[in-house]
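Structure record follows, encoded as structure tokens.
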There are 2 protein chains.
Amino acid sequence: MAARTYGQYGGVATAVELIGERWALLIVRDLLVGPRRYTDLKRGLPRIPTNILSARLKELQDGGVIRRVPIRRCGLVYELTPYGRELEPVVYALARWGLRALGEPGEDDTFSADALTVALRAVFRAETADPGDYELRVGDVALRVQVDAELRITRLAPPAPPVGGALPVGEPGITITAGSGIRHLLTGRVDAAAAVAAGDVVVTAGDPALLERFAATFGLDDAESPPLA
Amino acid sequence: MAARTYGQYGGVATAVELIGERWALLIVRDLLVGPRRYTDLKRGLPRIPTNILSARLKELQDGGVIRRVPIRRCGLVYELTPYGRELEPVVYALARWGLRALGEPGEDDTFSADALTVALRAVFRAETADPGDYELRVGDVALRVQVDAELRITRLAPPAPPVGGALPVGEPGITITAGSGIRHLLTGRVDAAAAVAAGDVVVTAGDPALLERFAATFGLDDAESPPLA
DNA sequence: CCGGATCCGAATCGATACTG
DNA sequence: CAGTATCGATTCGGATCCGG
């Protein structure tokens, strides 16, 4: 283990030693949405081997990034420590950067509610956001997205929302259904009208005009310099 | 290679596939300071095996993060593409986060001018910075740090500054000499007076009062919740 | 010296099976 | 549910070597 250190003294090297191992940051990503059980993490990251998940959870604990919390009457969850939670800016910045290199999903790529939740948070324009209440369906992930003083995102399905989570009250003003093409809207490469015209998103219920508000609320600010690999 | 993908559709997973391999982000860190030759990178990252450096450079090229640029009359350098340069916020955020977990250097940890340059940029308070002209010596790294309309950091030694780099004119108002204890100042856990009292930094030339300006210009803004592993 | 390529043992990862 | 055990496939690290 000591032989696998970088031998570099500095913040970046230290950070990478804490969260740079394979799968580690994806675990952090899911834990940013909320505490998760071992099995929740496994479900959200189907391709992670169980021994690797175990190893990463142990290492992240040793690094002070996450902690194990026993839940009363059976079970335990992993959650970020305060220090781990301060990876939020890092993960969001990475999510924005990576979003721009995102192409079509591969054949067997998976897509989780946690991934979409983090993506939305990453491109949320807090300063200029107008209030709104949206239902967003991408693939088989359904989220309730409520913007008022703050941003609240609730998983609707699948499966049922987490036990501790309160269901949102009321009805969303719009239901937006999309596939992977929603990335064009979130990167800001197309506007709401063009996204509808291209079939990237479909308004399946509610007021279609609210889609523009959604597009104004979520998206990259500086939508330029596509990767062009 | 295809077997080593995460099988996740999302920005974070894509980003980690591009720059999540071992050593990759440290290469990006050094390239953020400026174009570097293969040998420069090797020197700044002494523990990287040459085959790994080669492999990473190739992968980062394929990912559109860096490019090879031939230099006229012998030689070539690697530099970030525009897309790669937009990792700046990511790397700085990671540097700030990792800085807080930084302890004493290990026996054979190395410390490069590029690492210090990135660390300073990462904790630079652009909005509130007053102009200043500093010389900073940490270990055997010497930097000229000039703050006016923007932040300019020039390597003084070792070795000689890069060929293309113009040497700063004039004299710095202060020369600050420090060791690894400078992290206490940069994390904001101690102020200028306390850092001097603790021996973390020494003013070896110039106006000692400028150290407070330096400390006001560079440091973490929210200096709390130490890792406490 | 620069910019790697090659080889090999050690460590890690991935997949599957299995257990308290 | 929450992992551990095992084992082959990769990757990494360290060293050496090579063409300009």
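Naming convention: chains lettered A, B, ... in sequence-line order (proteins, then strands); numbering from 1 in each chain.
- No donor-acceptor pair closer than 3.5 Å links the side chain of B/Arg137 to the backbone N or O of B/Gly179.
- Below the 3.5 angstrom threshold, one finds a donor paired with an acceptor across the side chain of A/Asn51 and the base of C/dG14.
- B/Trp97 places a side-chain N or O within donor-acceptor distance of the main-chain N or O of A/Tyr83, the cut-off being under 3.5 Å.
- Residue order along DNA chain D, read from the 5' end via each residue's closest nucleotide, puts A/Asp40 first among A/Asp40 and A/Tyr6.
- In this model, the phosphate group of D/dT10 is not approached by any side-chain N or O of A/Arg22 to a distance below 4.0 Å at OP1 or OP2.
- For the pair B/Tyr9 (side chain) and A/Gly103 (backbone), a donor-acceptor distance under 3.5 Å is present.
- Phosphate proximity of C/dG4 to B/Tyr78: present, with a side-chain N or O under 4.0 Å from OP1 or OP2.
- A cation-pi arrangement, defined by a distance under 6.0 Å to the six-membered ring centre and an angle within 45 degrees of its axis, is absent between B/Arg43 and B/Tyr38.
- Between A/Arg47 and C/dA15, a side-chain N or O to OP1/OP2 separation shorter than 4.0 Å is absent.
- Considering only side-chain N and O atoms, B/Lys58 lies nowhere under 4.0 angstrom from the phosphate OP1 or OP2 of C/dG3.
- Counting only distance, with no hydrogens or angles, the side chain of A/Glu135 and the backbone of A/Ala142 share no donor-acceptor pair below 3.5 Å.
- In this structure, B/Trp23 does not reach the D/dC12 phosphate: none of its side-chain N or O atoms is under 4.0 Å from OP1 or OP2.
- Taking five base pairs at each end of the helix from C/dC1-D/dG20 to C/dG20-D/dC1 and finding the rotation axis that steps the C1' atoms of four pairs onto the next four gives two axes whose angle is 30°, to the nearest 10°.
- Within the nucleic acid shown, B/Leu76 comes within 4.0 Å of sugar-phosphate atoms alone, with no base atom in reach, counting heavy atoms only.
- Distances shorter than 4.0 Å separate some side-chain N or O of B/Arg56 from OP1 or OP2 on D/dC12.
- OP1 or OP2 of D/dA2 lies within a sub-4.0 Å distance of a side-chain N or O belonging to A/Thr39.
- Between B/Arg68 and C/dG4 there is a side-chain N or O to OP1 or OP2 distance below 4.0 Å.
- A/Ser54 has a side-chain polar atom (N or O) that falls below the 4.0 Å cut-off from OP1 or OP2 of D/dT4.
- Using modelled atom types, no side-chain atom of B/Tyr92 and backbone atom of B/Phe124 make a donor-acceptor pair closer than 3.5 Å.
- With hydrogens and angles left out, the side chain of B/Thr50 and the base of C/dA5 share a donor-acceptor pair within 3.5 Å.
- Note on ring orientation: taking the six-membered ring where Trp is involved, the planes of B/Phe218 and B/Tyr134 are perpendicular (angle over 60°, cut-offs 30° and 60°).
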